[in-house]
Amino acid sequence: MEKSYDPKSFEDEIYKQWESEGCFRAERDDNKVPFTIMMPPPNITGQLHMGHALDETYQDTLIRFKRMQGYCALWLPGTDHASIATEVKIVEQLKKQGIEKESLTREQFLKLAWDWKEKYGGRIVTQLKKLGSSCDWSRLAFTMDEKCSRAVREVFVNLYNKGLIYHGNRIINWCPQCRTALSDAEVEYVDENSHFWHLKYFIEGSDTEGLIVATTRPETMFGDTAVAVNPADERYKKYIGKNVILPIVNKPIPVVADEHADMEYGTGVVKITPAHDPNDFEVGLRHNLPVVKVMNEDGTMNELAGKYCGMDRYECRKAVVEELKALGNLVKTEPHTHSVGHCYRCHTAIEPMVSKQWFVKMKPLARPAINAVLDKKTSFIPERFAKIYFNWMENVKDWCISRQLWWGHRIPIWYCDDCGEVICAKEDPTVCPKCGSSHIHQDEDVLDTWFSSALWPFSTLGFPDDTSDLEYFYPTDVLVTGYDIIFFWVARMIFSGIEHMRKVPFRYVLMHGIVRDEQGRKMSKSLGNGIDPLVIIDKYGADALRFSLLQGVATGNDIRYSDAKVQSAAAFINKVWNASRYVLSNCEGRQIKDIKEVKLNHADKWIISKLQSAIRDVTLALNKFELGIALETAHDFMWDDFCDWYIELTKSALWGDDENKKDGAIAVLVYVLDSALKLLHPFIPFVTEKIYSEMPTAKGRIMLAAYPRYNSRLTYRKEAAAFEGVMDIIKAVRALKTETGCAPSKKVTLYIVTESKRLISANENCILRLAGASAIKFVSSPEAAGENAAAKVVSCATVLVPMGDLVDADKERARLEGELDKVLAEIRRADGKLHNSGFMAKAPKKLVDEERAKLDKYLEMKERIEKQLSALG
RNA sequence: GGGAGCUUAGCUCAGUUGGGAGAGCAACUGCCCUACAAGCAGUGGGUCACAGGUUCGAGCCCUGUAGCUCCCACCA
């Protein structure tokens with residue numbers, strides 16, 4: 001093995017080997033239980049960012065774990081065409097070349113989009129590989145490939161035929177920049193400082209009397225078709241049924257009574273603009289008001305705004321306010337903060353607008369989707385996210401699915417130009433089925449990107465055909481994603497799966513948080529605080545990045561990226577590397593024995609037992625999707641138990657002459673390292689694979705090896721516990737040296753008062769080496785160590801070290817008294833519990849026994865310390 | 001208006017069936033000893049936001065309060 005850990009020198013190579021050997025492939029195997037994860041498809045516009053890195057790390061860790069456990073583990077990757085995001089990008093690119101989208105034909109534009117897909121769609125895939133993602137690339141899907149497109153058609157037609165998709169003139173969110181409708185989920189609300197303009201609308205026939213409306217959007221007044229007051233509002237009752245004159249246009253509009261008008265808010269009088277406000281739209285429906293649209297698709301005013309025709313909506317706002325002021329209609333202007341919806345892709349303020357669009361009727365789909373989660377057919381982890389899901393599902397409005405874009409799945413609707421028939425078909429029709437005319441044309445719009453991603457768990461497995469893959473891999477096991485796309489994606493997959501597959505798409509939804517910067521801010525382009533995972537991988541390796549993203553995470557919580565975390569992760573991996581070098585260099589030229597063939601000493605049994613609990617705990621945590629806890633357990637075992645203790649413990653044997661002892665130590669080192677590497681593999685796949693390839697025990701690839709299983713026969717409870725007493729002695733001597741200022745390298749003679757002489761003798765070499773001692777002398781009382789001895793009391797012994805001048809009797813007494821205090825506190829605690837009748841009556845027996853044992857131990861230690869103190873005089 | 005999360009060592013965070021407060025980083029002391037100075041050994045450091053309650057026992061469960069963050073709805 002190379003002397004230093006250098007991830008760059010092997011990560012790419014190992015990935016290529018895995019790939020060429022087909023390690024990632026998952027084919028139906030009826031002798032195995034399937035375990036399936038569908039990768040949330042990254043956008044083809046995307047570049048790998050920390051959010052992906054976290055998401056992929058979670059998934060890869062889980063899928064590797066399950067694969068090693070013997071499941072038929074399928075992790076299916078893919079990319080999303082990202083209709084609106086991609087179109088925005090391409091339009092931007094065109095603009096740079098001075099080309100307007102409108103100057104291109106649809107076909108020309110789509111050609112550019114496909115070119116984009118070819119050019120950049122694969123970029124993210126290459127980047128995912130750098131992380132070590134073990135997905136089945138042979139199944140790489142794309143939301144607009146043939147498979148997925150067929151599924152989209154099928155689903156659209158089914159929903160249409162069931163009456164769950166309809167075409168309607170309703171108020172939608174319009175993005176004047178992208179010039180398309182958006183769903184409610186695609187609108188982000190931001191608080192903005194604006195004004196509340198109080199405008200006086202005169203009563204018809206009066207020059208003085210009028211109603212004062214309060215509005216934040218004076219430019220929409222051209223579309224006002226009424227003013228509303230609350231029916232219970234005494235101030236305005238007398239005006240109900242009368243007309244007011246709409247300023248500037250001088251048109252009479254009625255005063256209507258409607259609950260929508262809040263007596264407490266504003267002036268209590270609301271101008272009603274049905275075409276440009278969702279609430280007003282509803283009022284309009286109740287009162288049969290005309291719907292007057294006064295804006296164009298690009299956010300400019302139309303001809304109904306008279307002289308303001310063609311003016312931008314915000315320019316118009318200013319101009320209208322000026323004119324109203326001049327006309328004497330502006331009564332008051334007050335500052336006002338309100339939230340304004342923005343397009344989630346281009347961040348332009350959206351315009352609520354009446355428009356004819358395609359909608360999915362949500363109520364019938366939402367109910368079963370709610371029940372599925374209530375019935376735990378799908379469970380959210382952590383559970384609290386189910387509440388967010390329920391809240392959204394219970395209040396969901398119909399889903400606007402048509403987009404006035406070109407890049408996406410075209411809506412499978414045709415219109416007959418001759419008879420007006422509307423045709424919804426899975427296959428492109430050539431003639432009208434009703435009148436036979438060939439003059440038909442397809443709906444111009446495309447579908448919301450999320451319409452196709454909603455089908456992802458089954459469209460990628462061959463739906464609508466009854467494929468063997470669908471039967472075997474569906475429903476999938478766990479969906480791993482961030483809590484920020486519950487509405488966009490998770491919820492829609494759930495109702496789609498239930499509706500079209502009759503089964504929920506996944507059993508668990510594992511939610512993780514978002515990766516923030518070192519100051520806790522969201523990483524974003526505009527802040528420029530994003531960290532490029534590829535740069536980090538280049539610097540520290542993919543394993544270190546993966547490790548750092550999982551270390552210390554609690555499921556569902558946000559995490560903060562920091563370079564220091566990656567550095568400490570790299571330090572750990574370096575530790576693994578070097579420990580492996582130690583083991584492997586000692587293996588050279590030797591026949592490696594099995595641990596069953598060698599005589600195991602206390603230390604061997606201790607580390608083997610420790611390994612068993614680590615295996616048990618890591619597996620338990622991973623099964624509960626607690627990746628942070630699993631990683632911590634594996635990390636602590638590797639570093640604290642194996643490296644810091646066991647490896648050091650083997651040195652006397654390995655550097656000695658007894659070949660049997662060497663064989664024993666090496667057998668255990670190899671066995672434990674082999675297991676530990678496997679335990680760690682799902683988290684840090686590259687380095688474990690690299691080291692494994694050098695192991696004398698290696699059989700094929702570690703990624704395909706069996707995950708270690710807890711073996712109770714390898715748990716030597718008694719010997720392991722006894723050995724911890726030996727470790728206590730070693731720790732005591734080390735501490736004594738530091739506390740008395742004795743150089744650690746100085747070899748000292750240990751005087752030990754103990755009842756466990758046999759145990760200590762058997763481990764004498766370990767104690768001498770690790771404690772830095774030259775000899776052990778068993779004595780019957782502390783005085784035998786002489787006057788200048790410093791002492792420590794541990795559970796199985798009193799350890800004394802003669803320190804000559806280094807020991808100051810007063811200091812030594814103070815130190816011992818300090819230790820006595822600690823022991824006394826423990827005695828009080830345990831004794832208190834044991835004298836608490838409630839505790840004795842109600843606590844489990846096991847706990848009571850443990851407390852009793854502790855009390856005995858501490859009482860004994862107390863005695864020893866007191867003896868030592870009295871020896872000091 | 002509704003809901004969620006967070007508040008634990010100087011910093012970043014774990015602590016998932018209630019049973020002796022933990023890690024990493026930082027700090028301090030001492031060590032280049034043939035796996036590793038990306039290291040080793042040791043030390044110090046906490047009223048677990050606050051106030052109540054349940055319990056033999058609460059960082060953990062319940063109620064309330066405060067601060068911070070987020071989501072949803074409303075916003076004429």
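Letters A, B, ... mirror the listed sequences (proteins, then strands); counts begin at 1.
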*asked:* Less than 4.0 angstrom from a charged side-chain N to a carboxylate O is my criterion; do A/Lys651 and A/Glu648 meet it?
replied: yes
_Under the side-chain hydrogen bond (donor to acceptor under 3.5 Å, both in side chains) test, residues paired with A/Arg769 that sit two or more places apart_ = none
*For A/Lys746, enumerate each residue passing the side-chain contact (heavy atoms from CB on, under 4.5 Å) test, keeping only those at least two apart in sequence or located in another chain.*
A/Cys742, A/Ala743
*A/Asp849: side-chain hydrogen bond (donor to acceptor under 3.5 Å, both in side chains) partners, not counting sequence neighbours*: A/Lys845
*Can a side chain N or O of A/Lys387 be found less than 4.0 Å away from OP1 or OP2 on B/A4?*
yes
*Let me know the distance between CD of A/Gln567 and P of B/A38, rounded to the nearest Å.*
11 Å
*Determine the interatomic distance between C1' on B/C68 and the same-named atom on B/C25; round to the nearest Å.*
24 Å
*Based on Watson-Crick and G-U pairs with both distances under 3.5 Å, what dot-bracket line describes RNA chain B 5' to 3', crossing pairs as [ ] and inter-strand pairs as |?*
(((((((..((((.....[..)))).(((((.......))))).....(((((..]....))))))))))))....
*asked:* Using a heavy-atom cut-off of 4.0 Å across all strands, would you classify A/Arg829 as base, sugar-phosphate, or nothing?
replied: base
*asked:* Nearest whole Å is fine: how far is B/G3 P from A/Arg384 CZ?
replied: 17 Å
*Look at A/Lys651 and B/A35 and indicate whether a side-chain polar atom (N or O) is within less than 4.0 Å of OP1 or OP2.*
yes
*Sequence-distant partners of A/His342, side-chain hydrogen bond (donor to acceptor under 3.5 Å, both in side chains), two or more places apart*: A/Glu192
*Taking only N and O in the side chain of A/Lys575, is any of them less than 4.0 Å away from OP1 or OP2 of B/C40?*
yes
*In whole angstrom, give the distance that lies between atom CZ of A/Arg815 and atom P of B/U43.*
11 Å
*Taking the six-membered ring for Trp, are the ring centroids of A/Phe683 and A/Phe547 within less than 6.0 Å of each other?*
no
_From the set B/A35, B/G30, B/A38, return the single nucleotide nearest to any side-chain atom of A/Asn574._
B/A38
Identify all pairs in which a protein N or O lies below 3.5 Å from an N or O of nucleotides 57-63 of chain B, and state each distance.
none

*Using a 4.0 Å heavy-atom cut-off across all strands, classify A/Phe196 as base, sugar-phosphate, or nothing.*
sugar-phosphate
*What nucleic acid atoms does A/Phe625 come within less than 4.0 Å of, heavy atoms only: base, sugar-phosphate, or nothing?*
nothing
*Atom pair distance, as rounded to whole Å: CE in A/Met1 and P in B/C36*: 12 Å
*asked:* Please report the interatomic distance NZ(A/Lys690) to OG(A/Ser9), rounded to the nearest 0.5 Å.
replied: 6.5 Å
*Please state how far atom CZ in A/Phe281 lies from atom C1' in B/A76, giving the value in whole angstrom units.*
17 Å
*Do we count A/Trp577 as stacking onto B/C36 if the rule is ring centres under 5.5 Å and planes under 30°?*
no
*Please work out whether the ring planes of A/Phe196 and A/His336 are parallel, tilted or perpendicular, with thresholds of 30° and 60°.*
parallel
_Aromatic contact, A/Phe488 with A/Tyr344 (centres under 6.0 Å)_ = yes
*Can you tell me the distance, in whole Å, between the CZ atom of A/Phe572 and the P atom of B/G39?*
12 Å
_Short N-O contact, A/Asp258 and A/Arg286, less than 4.0 angstrom_ = yes
_List the residues meeting side-chain contact (heavy atoms from CB on, under 4.5 Å) with A/Glu264, not counting sequence neighbours, and say none if there are none._
A/Asp262
*Determine, for A/Lys332 against A/Glu334, whether the closest basic-nitrogen to carboxylate-oxygen distance falls under 4.0 angstrom.*
yes
Protein-nucleotides 11-14 of chain B N/O pairs closer than 3.5 Å?
residue	atom	partner	partner atom	Å
B/U12	O3'	A/Arg560	NE	3.1
B/C13	OP1	A/Arg560	NE	2.6
B/C13	O2'	A/Gly552	O	3.0
B/A14	OP1	A/Asn557	ND2	3.0
B/A14	O5'	A/Gly552	O	3.3

*asked:* Distance check, C1' atoms only: B/G45 and B/C50, in whole angstrom units.
replied: 23 Å
*Heavy atoms under 4.0 Å, any strand shown: does A/Ser745 hit a base, just sugar-phosphate, or nothing?*
nothing
*asked:* Taking the P atom in each of B/C48 and B/G22, what is the distance between them to the nearest angstrom?
replied: 14 Å
*Could you tell me whether A/Pro382 contacts a base, only the sugar-phosphate backbone, or nothing, with contacts defined as non-hydrogen atoms closer than 4.0 Å?*
nothing
*Between P of B/C56 and CZ of A/Phe839, the distance in whole Å*: 13 Å
*Which residues in residues 634-650 of chain A have at least one heavy atom lying under 4.0 Å from any atom of RNA chain B?*
A/Trp639, A/Cys643, A/Asp644, A/Ile647, A/Glu648
*salt bridge (charged side-chain N to carboxylate O under 4.0 Å, His left out): pairs with one or both residues in residues 562-572 of chain A, sequence neighbours excluded*: A/Lys539-A/Asp563
*asked:* Among residues at least two apart in sequence or on other chains, which ones pass side-chain hydrogen bond (donor to acceptor under 3.5 Å, both in side chains) with A/Glu383?
replied: A/Lys376
N/O donor to acceptor pairs below 3.5 angstrom from side-chain atoms of residues 210-232 of chain A, sequence neighbours left out:
residue	atom	partner	partner atom	Å
A/Thr215	OG1	A/Arg217	N	2.9
A/Arg217	NE	A/Glu219	OE2	3.3
A/Arg217	NH1	A/Glu351	OE2	3.1
A/Arg217	NH2	A/Glu219	OE2	3.1
A/Arg217	NH2	A/Glu351	OE1	3.2
A/Arg217	NH2	A/Glu351	OE2	2.6
A/Glu219	OE1	A/Arg317	NE	2.9
A/Glu219	OE2	A/Arg317	NH2	3.0
A/Thr220	OG1	A/Arg217	O	2.8
A/Thr220	OG1	A/Lys271	NZ	2.7
A/Asp224	OD1	A/Lys271	NZ	2.8
A/Asp224	OD1	A/Thr273	OG1	2.7
A/Asp224	OD2	A/Tyr201	OH	2.7
A/Thr225	OG1	A/Pro290	O	3.1
A/Asn230	OD1	A/Ala232	N	2.9
A/Asn230	ND2	A/Ala261	O	2.8

*asked:* What is the separation between atom CE on A/Met511 and atom C1' on B/C70, rounded to the nearest whole Å?
replied: 14 Å
*If you look at every strand shown and take non-hydrogen atoms under 4.0 Å, does A/Ile388 touch a base, only sugar-phosphate, or nothing?*
nothing
